[in-house]
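Below, all heavy atoms of this structure are taken into account, side chains as well, without hydrogens, waters or symmetry copies. Naming: A, B, ... by sequence-line order, numbering from 1 per chain.
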Amino acid sequence: MERKVRVRFAPSPTGALHIGGVRTALFNYLFARQHGGDMLLRIEDTDSTRFVPGAEEYITEALAWLGIEIDEGICQDAPNGKGNHGPYRQSERREIYHKYVDQLLASGNAYIAFDTPEQLEAKRAEIANFQYDARTREQMVNSLTLSKEEVDTRIANGEKYVVRFKVEPNIDVHVHDLIRGEVVINSNILDDKVLYKSADDLPTYHLANIVDDHLMEISHVIRGEEWLPSAPLHVLLYKAFGWEESMPEFAHLPLLLKPDGNGKLSKRDGDRLGFPVFPLEFHNQKDGSVSSGYREEGYYPEAVINFLALLGWHATGDQEMYTMQELIEQFSLERVSKSGAKFDYEKGKWFNHQYLQLKSNEELAEQFMPYLEKAIGDGQLAIDKAKVAKVIGLTKDRVNFVSELWEQVNFFFVAPEEYDEKSLKKRWKEDSPKHMTEMLALLEAHEDWSAEGLDNLIMPWIAEKEYGVGIVMNAFRICLVGAARGPHIWNITDVLGKEETLRRVRTALEKLG
RNA sequence: GGUGCUAUCGUCUAGUGGCCUAGGACAACGGCCUCUCACGCCGUAAACCCGGGUUCGAUUCCCGGUAGCACUACCA
């Protein structure tokens, strides 16, 4: 009970890291940090056929971006793993698994099977709901039905075989789950799982997972709910190895579900509904496809973390915004929900909005520069960063992403060439040219360009002439902005300056008459 | 089909037998602010899956039903 908390995130390098996987990693991380324990990253690449180049680098890069730090195993600053429980890639642990497969074989907890995929297929077709288990293994081609000589001969001849776990029938297997409590399953529903395959000399997930968790001294296995059905098998494996005493605690996390309809959230849902399901953009080297990522969509890692943390976990109170540090302090497995959580992308945007407001104008200006340079082209003179920061300060509360800033600030940098039809229809009246002509004269003769100065000039004039503030100011706004939108008008004139402001009014008078 | 898990507003959730005429957040809607569009603020609508039981009293405990999800590979 007193042992050190050690948790692991153990993805397969079969593609981009799914957002659900990210949340699993996050919960592991929070738990580890809270208990002063270790967070390990192990690569489960025992399926050679599904390996995708670049996937591993993608995973470590994604975790690093999100601020999920790895203490041991594979990570960005140690691509081949750090720590003294390595190697941390299962494909590099063949010899280790051999030893444990042999142990199970020797103790009679496993046996060798020669059934070919075709033979298994035939069996399944022949017997409805066929399961390779205590009731059927006697009918199959394996070391239980073959003589030792026959088995040796077949192996010597290079015949491909697998090692299967010999599940003892009809015993109730208890799995203690930190989130769900006691789960009891009868071993009769379990099949004799393949633990090792000679074809590629690699174990399957189940064997590698248990051996590694044991050897790496994992104290808590926190993983997705899809693993709950095989948890009894894992418990049986621990028992077969004689590792019951040091068996880790289990916690099965609720799944992330589709925003609409039913089912597990998948990559297709993201494509269909228009949101990323991956932390970073992923370029699949196998099929050439590109999938969008949260980072490239303009999300801040802290927003993604906050959003994800609240999908399946919630503290007692009404707090919505959490820093990583607060999450570490407040997280608890007991407060993880038992039911699946539908993925609500809209809330993710809201979180990003919140975090964007927290950034300084200077910081946002820095982030916005690439967009700005792209929008106004290289031909322009050096961009005044102080001005960029200033206009961002005026507009940031209306955007969720830095990428949305340009459409809010464009008129500060480029004079309107066209005028929004809707705005014109509603705000550019018959008298507007007359109003603007008069106003232009007033402004030309006016020296004090401060907001107060202009306000003190224009407002009394409007009042005196009984023009109506709305009609005049909106026409003026259309001249400067090109539409009926934007921040307070004196903030706009302030940034534009007298010369540019007057120029825009003249242009508008020419174009709109 | 089998096994398991789950079940509060459209969504994420608070709630652990009386504090609940069920709270917060996102989204929706309305209002205020205002020269505009937003933001912000205020407000409205919106839920305890169904049926039994236990109890003085059930959203909360138990059982059954129903529904959803997951698993059921020589994939993880």
Euclidean distance, atom CZ of residue A:Arg180 to atom P of B:G4 [Å, nearest integer]: 15 Å
Identify whether any heavy atom of A:His252 sits under 4.0 Å from a base atom; if not, whether one sits that close to sugar-phosphate; answer base, sugar-phosphate or nothing. nothing
Give one of base, sugar-phosphate or nothing for A:Leu120, where a contact means two heavy atoms less than 4.0 Å apart. base
Hey, do the aromatic rings of A:Tyr238 and A:His214 have their centres closer than 6.0 Å? no
Euclidean distance, atom CG of residue A:Asp192 to atom P of B:C74 [Å, nearest integer]: 11 Å
Is B:C37 paired to anything, Watson-Crick or G-U wobble with both distances less than 3.5 Å, and if yes, which nucleotide? none
Provide the distance between the two P atoms, one in B:U13 and one in B:U59, to the nearest whole Å. 22 Å
Which residue in the set A:Phe343, A:Tyr299, A:Phe275 passes ring pair (Phe, Tyr, Trp, His ring centres under 6.0 Å) when paired with A:Phe307? A:Phe343
From the list B:C74, B:U3, B:C35, which nucleotide is the closest neighbour of the side chain of A:Lys197? B:C74
Any-strand Watson-Crick or G-U partner of B:G64, both distances under 3.5 Å: B:C50
Name the closest nucleotide to the A:Asn474 side chain, picking from B:A76, B:C39, B:C35. B:C35
Using ring centroids (six-membered ring only for Trp), state whether A:Phe165 and A:Tyr111 fall under 6.0 Å. no
Any N/O donor-acceptor pair, A:Arg485 side-chain to B:U36 base, under 3.5 Å: no
How long is the line joining CG of A:Asp344 and P of B:C26, in whole Å? 11 Å
B:A38 phosphate, OP1 or OP2, under 4.0 Å from A:Thr395 side-chain N/O: no
Are A:Arg272 and A:Asp260 ion-paired here, with the side-chain N under 4.0 Å from a carboxylate O? yes
Measure the distance from CD on A:Glu334 to C1' on B:G15 and round it to the nearest whole Å. 17 Å
Side-chain donor/acceptor of A:His353 to base of B:C39, under 3.5 Å: no
Measuring only the P atom in each nucleotide, how far is B:U11 from B:C56? A whole number of Å is fine. 37 Å
Is the A:Phe412-A:Trp406 ring centre distance short of 6.0 angstrom? no
Measure from the side chain of A:Glu346, starting at C-beta and using heavy atoms only, and say which of B:C69, B:U36, B:A27 lies closest. B:A27
From the options B:A76, B:C5, B:G1, select the nucleotide whose nearest atom is closest to the side chain of A:Asn129. B:G1
Take atom CG of A:Leu256 and atom C1' of B:U11, then tell me their distance rounded to the nearest Å. 13 Å
For B:C26, the Watson-Crick or wobble counterpart (both distances under 3.5 Å): B:G10
Quick note, A:Glu226 side chain, CB onward, closest among B:C12, B:C74, B:A76 is B:A76
Rounded distance in Å - CG (A:Asp318) to C1' (B:G24): 4 Å
Between B:C26 (P) and A:Leu310 (CG): distance, integer Å: 12 Å
Taking atom C1' of B:A25 as reference, at what distance in whole Å does atom NZ of A:Lys342 sit? 18 Å
